[in-house]
Amino acid sequence: MEFTDEYTHDIPGVIYFSRNMPTKEVEHLYQHDLQGCNCKSECKNNACSCLQRSGTFYKYNNIFELNSYRIEDFVKGPTYECNENCKCNSRLCGNKLVQFGPRKSLMVKPCENEMKGLGLFTLKTINRGSFICEYAGEVITETEAFKRFQYNNEHGKINYIFCINEYFGETSVQTFIDPTYYGNIGRYINHSCEPNCKLFVIRINDTMPILGIFADQDINKNSEITYDYGDGQLDFKNLGGCIRKSCHCNSKKCRKYLPFNVSLS
Ligand SMILES: C[S@@+](CC[C@H](N)C(=O)[O-])C[C@H]1O[C@@H](n2cnc3c(N)ncnc32)[C@H](O)[C@@H]1O
């Protein structure tokens with residue numbers, strides 16, 4: 001099955017781009033292709049090298065029906081999907097999901113509370129564990145992220161930069177994704193202190209992390225898709241010398257301010 005993403009946006013200065021796009025300063029980091037598995041037909045947990053290095057896997061009722069796929073475990077990660085170097089039978093492999101593109105029936109529209117701007121909504125009910133879409137954009141250096149963040153702050157512009165923190169033993173690696181100028185439908189997802197989705201790091205063909213957004217509960221049709229931009233930071237208005245924006249998620253658990261540094265840990 002081919003990757004399909006038929007969504008668009010016609011905001012001046014923003015180009016719809018469905019996958020992460022490393023800038024030339026960081027592209028050398030992702031030139032290492034991941035090895036594929038040697039499975040003969042379908043991939044089984046105890047034999048497939050992709051599943052063995054994954055922190056979690058997909059459960060499905062019907063291998064040909066992407067809507068039946070659910071992520072198995074919200075605690076572990078990252079996930080390694082089978083890739084173009086794998087020997088498994090691509091029709092029978094169940095270890096592929098994010099690589100087929102976002103789910104259908106998503107809609108971008110202004111939120112009721114205009115302070116939040118645009119938001120992403122679902123026109124159909126979504127089951128817990130289902131894949132929604134990626135958070136895709138330019139992959140930039142930390143220096144560039146800092147520069148862009150300062151610029152956004154000084155000019156009162158929306159900040160879209162997302163920082164992924166990953167830990168490999170003693171080493172921590174940060175990846176900065178910015179869908180401000182090139183991005184997909186994930187850029188419209190707002191923060192909530194009581195969200196209905198979670199993010200997962202997925203890898204497919206190479207070492208570049210892909211941010212996958214998955215439903216963390218059953219979501220009713222016409223609901224807004226949200227995730228928590230942070231990790232329960234305290235309600236200090238001035239964090240690191242930066243004035244934080246007020247949160248309008250309207251939840252009883254609201255922490256009052258948007259998390260400053262969107263991170264996964
Ligand atoms: C990734 S964008 C989300 C899409 C954005 N609403 C838009 O119109 O393009 C993040 C920005 O949306 C706004 N936002 C997101 N969640 C919010 C919330 N709970 N309360 C207030 N503003 C929010 C903030 O301006 C934030 O910097």
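Note that ligands are numbered from 1 as they come in the structure, with each ligand's atoms numbered from 1 the same way. When reading the values below, keep in mind they use all heavy atoms of this one structure, side chains included, and skip hydrogens, waters and symmetry mates.
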If the cut-off is 4.0 Å to any non-hydrogen atom of His248, which atoms of ligand 1 fall inside it?
18 (C), 19 (N), 20 (N), 21 (C)
Which atoms of ligand 1 are found less than 4.0 Å from any heavy atom of Gly117?
8 (O)
Heavy-atom count around Tyr182 OH within 6.0 Å, excluding the residue itself: above 12?
no
Output yes when Lys147 and Glu144 qualify as a salt bridge under the 4.0 Å nitrogen-oxygen rule, no when they do not.
yes
Numbered atoms and elements of ligand 1 in range of Cys247, under 4.0 angstrom, heavy atoms
19 (N), 20 (N)
Does at least one non-hydrogen atom of Ile189 fall below 4.0 angstrom from an atom of ligand 1?
yes
Heavy-atom distances under 4.0 Å decide this one: backbone, side chain, both or neither, for Leu258 against ligand 1?
side chain
Under 6.0 Å from the CD atom of Gln35, do we count more than 12 heavy atoms belonging to anything else shown?
no
Going by the atom numbers of ligand 1, which of them fall below 4.0 Å from some non-hydrogen atom of Arg187?
1 (C), 2 (S), 3 (C), 4 (C)
I'd like to know whether CD of Glu142 has more than 12 heavy-atom contacts from other residues, nucleotides or ligands below 6.0 angstrom.
no
Is it the side chain (CB and beyond), the backbone, both or neither of Ser192 that lies under 4.0 Å from ligand 1, heavy atoms counted?
neither
Could you list the atoms of ligand 1 found under 4.0 angstrom from a heavy atom of Ser246?
20 (N), 21 (C)
Whether Arg255 and Asp228 form a salt bridge (side-chain N of Lys/Arg under 4.0 Å from carboxylate O of Asp/Glu) is what I want to check.
yes
Which option out of Lys116, His191, Lys245 puts a heavy atom nearest to atom 16 (N) of ligand 1?
His191
Rounded distance [0.5 Å steps], SG in Cys88 versus NZ in Lys40
12.0 Å
At a 4.0 Å cut-off, with the gap strictly under it, does some heavy atom of Tyr229 reach an atom of ligand 1?
yes
Between Leu118 and ligand 1, which residue portion shows a heavy-atom distance shorter than 4.0 Å: side chain, backbone, both, or neither?
both
If every non-hydrogen atom of Glu224 is compared with every non-hydrogen atom of Gly119, which pair is closest and at what distance?
OE2-CA, 3.9 Å
Protein heavy-atom partner closest to atom 3 (C) of ligand 1 - residue, atom, separation in Å
Asn190 OD1, 3.2 Å
Any idea which atoms of ligand 1 are less than 4.0 Å away from a heavy-atom of Asn159?
10 (C), 27 (O)
Per-atom contacts of ligand 1 with Tyr160, taking only distances under 4.0 Å to non-hydrogen atoms
1 (C), 2 (S), 7 (C), 9 (O)
Counting only heavy atoms from other residues, nucleotides and ligands, does the tally under 6.0 Å from CG of Asn250 exceed 12?
no
Within 6.0 angstrom of Lys104 NZ, more than 12 heavy atoms from elsewhere:
yes
For atom 11 (C) of ligand 1, what's the nearest protein heavy-atom neighbour? Residue, atom name and distance, please.
Ile158 CG2, 3.5 Å
Residue Glu114 excluded, over 12 heavy atoms near CD under 6.0 Å
no
